[in-house]
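As a basis for the values below, the full set of heavy atoms in this structure was taken, side chains included, without hydrogen atoms, waters or symmetry mates.
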Amino acid sequence: MKYNTPDFNAILRSEADNFISKVYGMPKLPRQYAQDILRETQNFIQNDILANIKKCFESQVPTVDIDNVLKKFESPFSHVLSDYRLLKYFMEYKDYVSPISYEVGEIDVTVRTRSGPKLQIKKCYAQHVPLCRTLKQFRESPNALDDILSYMEYLKNNTDTVENFIQCERWSKQLEKFSENDIVILLVKYYDDFECNNALGSSCLKLGGVYVSIPCLPVECQSSLDYIFLALLFETRFRCFSDEKIFAPLIDELKFLEKECIFIDLPCGPQSVYFVSCLLLGDNLGVNFVGGFAEGFTANFYCRFCKTPKLIMDGQCVEDKSSLRTVESYNVDCAVNNVTETGVKFDSVLNSLPSFHIVNNYSVDIFHDLAEGTCHYVMLHVLRHCIPNYYTLDFIVSEAHSPEQGTRGGFGRVSVCEKKV
């Protein structure tokens, strides 16, 4: 019994690469635990699997051939047994998209020395993950592009229900810049600030993250973290150096993806794909922050959609179209440079994108506006109307406490008030 050594080595290395990629790709698994898994797996192979396989074949296959084959299993992860060797290995094979540090400014820091505290200049850096490489590798994964195109075709033919941005008139206008044979995919930006470490401690660090996602993925994939890609990461305080420096790498890549496209290697041959970024998502504070609007929601003009004064907006129930912001009024407000009178602090850096302007960004904060906002107040009136006309409070309480309730929609059990009011 003989083996083709080069083919066997290639298969073994490929399977080991797939295994380590899955382990390191687990979002909730720290890297130190991933290394422990690799070591334990290797010990398991050496101490159990190899010994049993050797016993099975010793009576039928010459020992020399068995030893040559089984020797390959002794350390299949030797090339990735450290974090440094792992990253170096996948960078050589271009399977790992490493973040790129870029300078955004300088700050003065106090350094303790033997002669006393001294003031030094420290350079500040942000991290940028190349989108072109990320999207190219994602699109080249099996069936990724086909699934997206199939879902886009389904949305195009579905005229009864509007469930995606690409069914809107604004997206149709964006497609007019391309030919009918071009593959154009919507790319969505998301910005949010978050605090790491202990939020109440002295080591709390506030970071700003910019992510991109593709809303044309099949519905079951849209909310998965596997398909939300990090683009920028920086300390929020570094925005004092100007948004132009912070967002420069992202804007350059988004312009390139829309104007120049990227080529994806598919089994049928290279295919050019354009990515158009028309939307900015985020909570109200994050979108106002990036859009150049007032960040305090007690300001005179805090709304990014209109210029209705706060006192009127607090009691307004019907839209006043004459107060809606336009590109022209936004530019005038930027020139006025008075946030108290206009609600605009500065011209958003994202307005330099060819298919985006912040006043046309009609995306809402569904979590704060609906889930923690109007839904709460509306459901109070709905329940008061429905109880006891359609069902009783006891029925709702029993449903909330039922064993099946905790598994519906993937949410935990909700707390209920059993007191009748």
Classify the side-chain pair D347/N351 by whether it contains a donor and acceptor separated by less than 3.5 Å.
yes
Residue pair D192 / Y211, side-chain donor-acceptor N/O under 3.5 Å
no
Can a donor-acceptor pair be found between the side chains of S363 and N361 at a distance below 3.5 Å?
yes
Taking every heavy atom of F165 against every heavy atom of C278, the minimum-distance pair comes out as CE2-CB, 3.9 Å
Does a donor on one side chain sit under 3.5 Å from an acceptor on the other, for T161 and N158?
no
Show your reasoning for whether side chain to side chain donor-acceptor pair (under 3.5 Å) applies to S277 and K189.
CA-CA 7 Å; S277 179; K189 309 172 290 295; 2.5 Å; yes
CZ/F275 to CD1/I185 distance, rounded to the nearest 0.5 angstrom?
4.5 Å
Side-chain donor-acceptor contact under 3.5 Å, S101 with Q127
yes
Working for side chain to side chain contact (heavy atoms under 4.5 Å, CB included), residues F297 and N288:
CA-CA 10 Å; F297 298 105; N288 278 24; 3.7 Å; yes
Is the distance from the ring center of F138 to that of Y227 below 6.0 Å?
yes
With no hydrogens and no angle check, just 3.5 Å: does a side-chain donor-acceptor pair link S322 and D320?
yes
We want to know whether T340 and N300 form a side-chain donor-acceptor pair, criterion being a heavy-atom distance below 3.5 angstrom.
no
Show, in sequence, the C-alpha distance, side-chain angles and deciding distance for Y125 and Y102, and conclude whether the ring pair (Phe, Tyr, Trp, His ring centres under 6.0 Å) test is met.
CA-CA 5 Å; Y125 295 90; Y102 61 99; 8.6 Å; no
Is the F293 to Y302 ring centre distance short of 6.0 Å?
no
Is the cationic atom of R304 (NZ for Lys, CZ for Arg) positioned less than 6.0 Å from the six-membered ring centroid of Y330 and within 45 degrees of its normal?
no
Could you check whether the rings of F234 and F247 sit parallel, tilted or perpendicular, using 30° and 60° as the cut-offs?
perpendicular
Taking the six-membered ring of Y151, is NZ or CZ of K156 closer than 6.0 Å to its centre and within 45° of its axis?
no
CG-SG distance between N284 and C303, expressed to the nearest 0.5 angstrom
9.0 Å
Checking the side chain of Q167 only, and the main-chain atoms of N164 only, is there a donor and an acceptor separated by less than 3.5 Å?
yes
Do Q35 and D83 have side-chain atoms, one donor and one acceptor, less than 3.5 Å apart?
no
